[in-house]
K.L.:
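Shown below is the structure under consideration.
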Amino acid sequence: MRRTVFNEDHEAFRETIRDFIAAEVVPYYEEWREAGQAPREFYKKLGELGVFGIEVPEEYGGAGQTSFKFNAVITEETARAGVSFGGSSVHTALCLPYLLKYANEEQKRRWLPPFVTGEMMTAIAMTEPGTGSDLAGMKTTARLSEDGTHYVLNGAKTFITGGVLADRVLVCARTAPPTPEDRRSGISILVVDTRSEGYAVGRKLEKLGLKTSDTAELSFTDVKVPVEDLLGEEGKAFGYLAHNLPQERLGIAVGAYAQAAAAVRFATEYVRDRTVFGKPVASFQNTKFVLADCQSEVDAMQAVVDRALDAHDAGELTAADAASAKLFTTERAAVVIDKCLQLHGGYGYMMEYPIARLYADTRVNRIYGGTSEVMRSIVAKSMGL
């Protein structure tokens, strides 16, 4: 069936991204995996290509596009090639929406131009040791100084993707204690300069998958953050976080679909070339039936993702819609990728094959951005249950 979610501009952009991946990512990807991160110079190349500025208004150096579909194209093309752009997806998909919506004019003029070029990489720090998805339970604090010129930040964060190479980190912290009526109140976002005294990058975490994205623990010991670096209003951050979650979850849904589609492609190519008992693996009925089942799952995921992309661009994607899309695509992608790995036999367990890396990478989709259990709770609540 003809896919209608992308227009000619999206498809022209797709060709540019595909060529860029072939020239600037694939030849070096194994080196990045071994290093545990993409090099900083690569992010500047993404800036030169315009990837970081797609949704940034023109007056700050961007392209001024409002469609999330360009980001979806990047996700699809990296999955297709079995690679990633390192931790840069957090820079654009997670951090940028907060800067665009909640930064004041002075902050936008200060931060967005270097954001676009890749000279200032960003990350966002929400999760803390022991809190997980319970953001209202965070312990990190930011106390306003007596003279009112800065906040004093103390605490720790974990699982911070992009945290090793970031120049600015959007740190969620308590600027006031929670009230008995609302434990989510009193949380603010500070855009912290990582060169600040008392700011420290702890362990670079060793993950099951996503080996080219740097993920770290962060700690803050009496870090002075100028009041000019408060993002939005003090104490309103929980609402800000909730506002951006549908797009974050849509991005994860697109990634899960794209990974499943890539897995089917990798498996199809493998079984055509692999011979067992004197026959191509593709000639066996079981192989055909398994891949047919997988393709039908991918078709269904694509339909869900495309509908969600259209809804998001129209400003109609609800929290329940995004949760449903994330739940369906991430759960089904896991099944598809597992089946495609099985068709590779023993080679599917070897990390030199892209299907093995996909298998490891896709597992986190059911955890970050809200676990599958949280997604089920959101959908059930929308049903009046």
Side-chain angles (χ1 to χ4, degrees), residues 6-100 103 107-124 160-170 191 193-195 210-215 247 251 254-255 258:
F6 298 117
N7 61 30
E8 292 181 359
D9 291 339
H10 297 127
E11 295 303 338
F13 180 67
R14 184 186 301 278
E15 291 302 316
T16 299
I17 292 297
R18 188 173 294 184
D19 291 343
F20 176 82
I21 289 171
E24 300 291 347
V25 182
V26 172
Y28 315 106
Y29 197 65
E30 285 306 312
E31 297 174 19
W32 298 0
R33 289 186 67 250
E34 292 175 8
Q37 63 190 46
R40 185 57 187 264
E41 295 73 27
F42 172 69
Y43 293 145
K44 292 182 179 179
K45 290 181 180 180
L46 288 175
E48 293 172 3
L49 189 64
V51 166
F52 295 151
I54 294 170
E55 296 180 62
V56 175
E58 293 180 6
E59 58 263 39
Y60 308 112
Q65 296 291 331
T66 58
S67 173
F68 187 71
K69 294 176 182 178
F70 289 98
N71 287 293
V73 168
I74 294 172
T75 300
E76 291 184 359
E77 288 304 309
T78 51
R80 178 183 180 276
V83 300
S84 81
F85 284 171
S88 68
S89 59
V90 167
H91 184 63
T92 49
L94 296 190
C95 296
L96 182 58
Y98 293 105
L99 298 181
L100 291 178
Q107 291 171 333
K108 287 179 180 178
R109 295 198 177 279
R110 183 155 47 104
W111 292 330
L112 289 180
F115 181 103
V116 169
T117 62
E119 295 174 43
M120 184 192 82
M121 294 301 294
T122 59
I124 185 166
I160 309 307
T161 299
V164 175
L165 297 178
D167 302 291
R168 288 269 180 174
V169 177
L170 282 64
V191 184
D193 188 334
T194 61
R195 298 169 298 180
L210 301 178
K211 295 292 188 179
T212 61
S213 66
D214 52 304
T215 303
Q247 177 173 300
V254 173

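Numbering of residues begins at 1 and proceeds along the displayed sequence.
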K.L.:
Parallel under 30°, tilted from 30 to 60°, perpendicular over 60°: which one fits the rings of H10 and F6?
P.N.:
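H10 and F6: perpendicular rings.
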K.L.:
Within the distance-only criterion (no hydrogens, no angle test), does the side chain of R168 pair as donor or acceptor with the backbone N or O of V191 below 3.5 angstrom?
P.N.:
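It does hold such a pair.
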K.L.:
Can you see whether E55 engages N71 through a side-chain donor-acceptor pair at a distance of less than 3.5 angstrom?
P.N.:
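Yes, side-chain donor-acceptor contact under 3.5 Å.
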K.L.:
Under the 3.5 angstrom rule, does the side chain of T194 hit a backbone N or O of A166 as a donor-acceptor pair?
P.N.:
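Checked: pair present.
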K.L.:
Hey, what do you get for CZ (R33) to CD (E30), rounding to the nearest 0.5 Å?
P.N.:
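If we round to the nearest 0.5 Å, R33:CZ and E30:CD are 5.0 Å apart.
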K.L.:
With heavy-atom distances below 4.5 Å as the criterion, would you say the side chains of D214 and I160 are in contact?
P.N.:
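Result no, sub-4.5 Å side-chain heavy-atom pair not found.
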K.L.:
Check whether the side chains of T212 and S84 place a donor and an acceptor atom closer than 3.5 Å, and report yes or no.
P.N.:
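A donor-acceptor contact under 3.5 Å links the two side chains.
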K.L.:
Going from CG on D9 to CD on Q65, what distance comes out if it is rounded to the nearest 0.5 angstrom?
P.N.:
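Answer rounded to 0.5 Å: 7.0 Å.
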K.L.:
Between side-chain atoms of residues 16-23 and protein atoms elsewhere (two or more places apart, or another chain), which donor-acceptor pairs fall under 3.5 Å?
P.N.:
residue: T16; atom: OG1; partner: A12; partner atom: O; Å: 3.3
residue: R18; atom: NE; partner: E77; partner atom: OE1; Å: 2.7
residue: R18; atom: NH2; partner: E77; partner atom: OE1; Å: 3.3
residue: R18; atom: NH2; partner: E77; partner atom: OE2; Å: 3.0

K.L.:
Which heavy atom of P39 sits nearest a heavy atom of W32, and at what distance?
P.N.:
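Scanning both residues, the minimum pair turns out to be CD-NE1, 3.2 Å.
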K.L.:
For the pair L96 and L112, evaluate side-chain contact (heavy atoms from CB on, under 4.5 Å) and give the outcome as yes or no after the intermediate values.
P.N.:
CA-CA 9 Å; L96 182 58; L112 289 180; 4.0 Å; yes
K.L.:
Let me confirm one number: the CG-CG distance from L99 to L170, rounded to the nearest 0.5 Å.
P.N.:
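One gets 5.5 Å once the value is rounded to the nearest 0.5 Å.
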K.L.:
Restricting to non-hydrogen atoms, name the atom on T161 and the atom on G87 that form the minimum distance, rounded to 0.1 Å.
P.N.:
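Closest pair (atom of T161, atom of G87, distance): CG2-CA, 4.3 Å.
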K.L.:
Give the C-alpha distance, both sets of side-chain angles, the deciding distance and a yes or no for side-chain contact (heavy atoms from CB on, under 4.5 Å) between F13 and I74.
P.N.:
CA-CA 9 Å; F13 180 67; I74 294 172; 3.7 Å; yes
K.L.:
Contact between Y28 and F42 at the side-chain level, heavy atoms closer than 4.5 Å - yes or no?
P.N.:
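SC-SC contact between Y28 and F42 ruled out.
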K.L.:
For R14, is there an ion pair with E76 - N to carboxylate O distance below 4.0 angstrom?
P.N.:
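A salt bridge is present here (some side-chain N lies under 4.0 Å from a carboxylate O).
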K.L.:
Where is the tightest heavy-atom contact between V116 and F52, given as atom of each residue plus distance?
P.N.:
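Scanning both residues completely, I find the closest heavy atoms to be O-CB, 3.4 Å.
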K.L.:
Using only atom types and a distance under 3.5 Å, with no angle test, would you say the side chain of Y60 pairs donor to acceptor with the backbone of W111?
P.N.:
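No; zero donor-acceptor contacts below 3.5 Å.
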K.L.:
Minimum heavy-atom separation for P57 to L100, with atom names?
P.N.:
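That would be CD-CD2, 3.7 Å.
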K.L.:
Donor-acceptor pair, distance only, cut-off 3.5 Å: does the side chain of K44 make one with the backbone of T117?
P.N.:
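Side chain of K44 to backbone of T117: no pair is present.
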K.L.:
How many angstroms lie between atom CD of E119 and atom OH of Y43, to the nearest 0.5 angstrom?
P.N.:
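These two atoms lie 16.0 Å from each other.
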K.L.:
Would you call R40-D167 a salt bridge at under 4.0 Å N-O?
P.N.:
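Yes, R40 and D167 are salt-bridged.
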K.L.:
Heavy atoms only: give me the nearest A258-T75 pair and the separation to one decimal.
P.N.:
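Of all heavy-atom pairs spanning A258 and T75, the closest is CB-O, 4.0 Å.
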K.L.:
Could you grab the distance from atom CD of E24 to atom CZ of F85, nearest 0.5 Å is fine?
P.N.:
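Separation between the atoms: 10.0 Å.
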